[in-house]
Every structure is written in C-alpha cells, then in structure tokens.
There are 2 protein chains.
Amino acid sequence: MATTRTDPLTLEVVDLIGTVVARYYEEYDRAAAAHSLTGAQARVLGLLSLEPTPMRKIAQKLKCEPSNVTGIVDRLETRGLVERRPDPADRRVKLAAATEKGARTALQLRESLGFAREPLAELSHAERAVLRDLLRRMLGVDAES
Amino acid sequence: MATTRTDPLTLEVVDLIGTVVARYYEEYDRAAAAHSLTGAQARVLGLLSLEPTPMRKIAQKLKCEPSNVTGIVDRLETRGLVERRPDPADRRVKLAAATEKGARTALQLRESLGFAREPLAELSHAERAVLRDLLRRMLGVDAES
DNA sequence: TATTGTTATACTCTATAACTATA
DNA sequence: TATAGTTATAGAGTATAACAATA
C-alpha cells in the first residue's frame, strides 16, 4: 500500500471526490430553491417526511444546536409544510411532522435530485457494483446484501 | 443499461455518495474550525494560497455574489491572513492575496484534510485506479493522463 | 436536579440594490 | 456606457447563554 499522501493517483481521486461533493451540493440547493426552500429547510423537511421527530433529535441529525431548529421549523410551519404536535409520552417534547403538503413537497424534492443518479446511468450494472464495493470499503461500511 | 431510478444497486450507490458528501463537509468544517475559520473563509484562503485573485473572480469560483466576497476577505484581512493589492493593469481591480501567514495556514488546512485520503488508504493502487476511472466517467471528465 | 424547547443576542453568509472609481 | 469593488439592507443559519415547563 503506497503512501496515500503524495502519489498522483490518490491526489486525482481526492480531487474527483471534491468535484462530486461540489456538484452534489449545487444540485441539492438548486432543487431546494426550485421550491423556495433553503438547503437546511429541505434537509429538515426530508427528515420529517420519513417520520415525526422531536426537535432535539432534528438538531442531532443536522449536527447543530437545538436553538437553531426552532427557527427552521418555524419557517416551514409558516408555509404549512410542517406542524408541531405534542408527544403523548412526554409533555416537554414537541414532535415536528410533515403535513400532507410537506410530504408532497419532500417527494418532489427527492425525485428532482437527479444527481448521482443521472451520472450513474453512464455506468453499467457491473461497474456500479464495483463502485458500490469500493465506496463501502472507503467508508468502512459493512456489506449487508 | 437498466433503469437507474429504482434499482436497489443504484439507490445504494446514491446513498453511499451521500454519506461521502456528508463526511467530506464535516471534516472540512472541523479542519477550518480548528483554525477558527468558517467554511467559506477556508475555501477563499485555499484559493488565494494558489494565486492572487481579483475579488470578482473569487465570487465566480464560490458561485456567490461579489458583495459577499468583500466581507469574507475583510475578515481574513483583519486576521492578517490575506491582503488586498492593486492590479497594475486595471486600477479598478483589487487582487486578494494570501500573506505568508495565510499561506502557512492554508497549507496546514490542506494537510489536515485526511478525508478521502485516509479512507483511500484502505484501497489498493489498482482499486484506486478503478475508482478514478469510474468517477471520471460519472462526472464526464476526459481522461488526461 | 435534569431535560426539552424556546428566547435573546451576536456573528457569518447570502442576495439585492445603489453607490464610487475607474475604464 | 460599462465594469470592479464597495456599502447598505434584510433574511437565514449558526453558537452561546438564560429561561419556562415538565420530568
């Protein structure tokens, strides 16, 4: 295993990954903006479309302070995309949940994210499998399938 | 070429790329914060450590409005990491350039970004070459080497 | 006492529009 | 007149600290 700090091949792969990251964010923000959402709002809406979530847990998933989530959910709530519900089990907790309208928006958002899907169309099934295995090993993910 | 919208393999690869992107940003922000820099400041400092750049061109590379660059460079300049120089060829233009201190910081920043480098160490040289070729094709990049 | 969510505050990033100094 | 950079303004995301309600 050669040094991965200086060899040209590794540097090129790092650079390519940087390009993937940049393109991913561009497309994400563009898709969100198409629904007049910021990136953070789109991310929270996506989370809540999966399941109602306590404010505190949203902050953990976003890796930010809980106080920030208040404002983001406020703005989504103002637009009727999200609502706050009491948690029957703990009256301190508020569950943020996507409304029907919010769930529809989240679905459209997900479907408009062609990135990483369209570029993958350039690869054959076998090549995608190779890419999957390499990414898994890079990330230290256990194979599941 | 099967549909890349629904088949499980493609969905998993998309998910893995999402994880790569998230980890990339986490590490970038963490490295920047270690030098008390925001992500945007670290990005601009990295650019300027390569070559002095007109304010307008910085905005183009960051894909933001030129007015934003003024503040970012202001903050870097206050900390002695960057300086503004006149452009001899056009007196309207200001060239932002990394100071010696700024160049040192940029170098440390670059070296502390182990991500995409450390994970790659898990792969053999041949595997990294395969990954490079697949990423190139995904991104529609012409092979150069 | 500890925890949940919120408020208050301050800073950074962002876009828009108006301004200045050059070209 | 067109362009480069700045300023002014407003909205959004962020962290910190202090607070009310509940556990």
Side-chain angles (χ1 to χ4, degrees), chain A residues 22 25-26 28-48 52-79 81-97, chain B residues 22 25-48 51-79 81-97:
Chain A
Y25 263 76
E26 271 174 49
Y28 196 93
D29 286 344
R30 194 164 47 70
H35 292 271
S36 299
L37 293 170
T38 65
Q41 288 165 7
R43 232 166 299 140
V44 170
L45 184 58
L47 278 179
L48 301 186
T53 311
M55 301 295 282
R56 202 131 202 124
K57 197 167 180 187
I58 298 174
Q60 289 166 359
K61 299 220 176 187
L62 259 64
K63 297 185 200 299
C64 74
E65 295 301 313
S67 59
N68 302 326
V69 179
T70 299
I72 297 172
V73 169
D74 279 351
R75 282 163 220 125
L76 289 170
E77 195 166 29
T78 298
R79 294 182 44 190
L81 299 170
V82 154
E83 63 185 8
R84 285 170 165 94
R85 300 174 189 161
D87 181 342
D90 186 338
R91 292 197 302 174
R92 291 174 303 180
V93 173
K94 289 179 189 170
L95 296 172
Chain B
Y25 262 76
E26 272 174 48
E27 180 148 339
Y28 196 93
D29 286 345
R30 194 164 47 68
H35 292 272
S36 299
L37 292 171
T38 65
Q41 288 165 8
R43 232 166 299 139
V44 170
L45 185 57
L47 277 181
L48 300 187
E51 59 175 350
T53 310
M55 302 294 284
R56 203 126 200 131
K57 197 167 179 187
I58 298 175
Q60 288 165 0
K61 298 222 177 184
L62 259 63
K63 296 185 202 298
C64 75
E65 294 301 314
S67 60
N68 301 327
V69 179
T70 298
I72 298 172
V73 169
D74 279 352
R75 282 161 220 127
L76 289 170
E77 196 166 29
T78 298
R79 294 181 46 189
L81 299 170
V82 154
E83 63 185 8
R84 284 169 165 96
R85 300 175 189 162
D87 181 341
D90 186 336
R91 292 197 303 177
R92 291 174 303 181
V93 173
K94 290 180 190 171
L95 296 171

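Just so we're on the same page: letters track the sequence lines, and every chain starts at 1.
Listed by residue number, B:Pro54, B:Met55, B:Arg56 are the residues of residues 54-64 of chain B with a heavy-atom contact under 4.0 Å to DNA chain D. For residues 28-47 of chain A, proximity to DNA chain D is found at A:Thr38, A:Ala40, A:Gln41, defined as any non-hydrogen atom under 4.0 angstrom from a strand atom.
A salt bridge does not link B:Lys63 to A:Asp29: none of the charged nitrogens lies less than 4.0 Å from a carboxylate oxygen.
A:Asn68 has its CG atom 16 Å from the P atom of C:dT4, to the nearest Å. The distance from atom CD of A:Glu26 to atom P of C:dT14 is 13 Å, rounded to the nearest whole Å. Atom CZ of A:Arg79 is separated from atom P of D:dA12 by 10 Å (rounded to the nearest Å). Atom pair B:Asp74:CG and D:dG5:C1' shows a separation of 11 Å (rounding to whole Å applied). Straight-line distance from the NZ atom of A:Lys94 to the C1' atom of C:dT6: 7 Å, rounded to whole Å. For the pair A:Leu95 CG and C:dT4 P, the interatomic distance rounds to 13 Å; values are reported in whole Å. D:dA21 atom C1' lies 15 Å from atom CG of A:Asp87, rounded to whole Å. In this entry the distance linking CZ of B:Arg75 with P of C:dT12 reads 5 Å, nearest Å.
Taking each heavy atom of B:Pro86 and B:Leu95 in turn, the nearest pair found is O-CD1, 4.2 Å. When all heavy atoms of A:Ala32 and A:Ala42 are compared, the pair lying nearest together is CB-CB, 3.8 Å. The minimum heavy-atom distance linking A:Ala97 with A:Leu48 is given by the pair N-CD1, 4.2 Å.
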Carefully, step by step, assess A:Lys94 and A:Asp87 under the rule side-chain contact (heavy atoms from CB on, under 4.5 Å).
CA-CA 6 Å; A:Lys94 289 179 189 170; A:Asp87 181 342; over 6 Å; no

For B:Lys57 and B:Val93, run side-chain contact (heavy atoms from CB on, under 4.5 Å): C-alpha distance rounded to whole Å, both residues' side-chain angles, the deciding distance at 0.1 Å, then the answer.
CA-CA 10 Å; B:Lys57 197 167 179 187; B:Val93 173; over 6 Å; no

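Of the listed residues (A:Val82, A:Leu45, A:Leu62, A:Thr38), just one forms a side-chain contact (heavy atoms from CB on, under 4.5 Å) with A:Ile72, and that residue is A:Leu62. Applying the side-chain contact (heavy atoms from CB on, under 4.5 Å) test between A:Val69 and each of A:Thr53, A:Val44, A:Ile58 identifies A:Ile58 as the sole match.
The backbone N or O of B:Leu76 lies less than 3.5 Å from no partner atom in the side chain of B:Gln41, so there is not a single donor-acceptor pair. No donor-acceptor pair under 3.5 Å is formed between the side chain of B:Glu83 and the backbone N or O of B:Glu77. Without hydrogens or angle criteria, B:Arg79 side chain to B:Ser36 main chain gives a donor-acceptor distance under 3.5 Å.
Comparing B:Arg84 and A:Gly71, the nucleotide of DNA chain D nearest to each residue sits closer to the 5' end for B:Arg84.
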When you check every protein heavy atom under 4.0 Å of nucleotides 18-23 of chain C, what one-letter string (B, S, -) results, 5' to 3'?
----BS

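Closest to the side chain of B:Glu65, from the set C:dG5, C:dC13, C:dT16, is C:dT16.
Between the side chain of B:Ser67 and the base of C:dT16, at least one donor-acceptor pair of N or O atoms lies under 3.5 Å.
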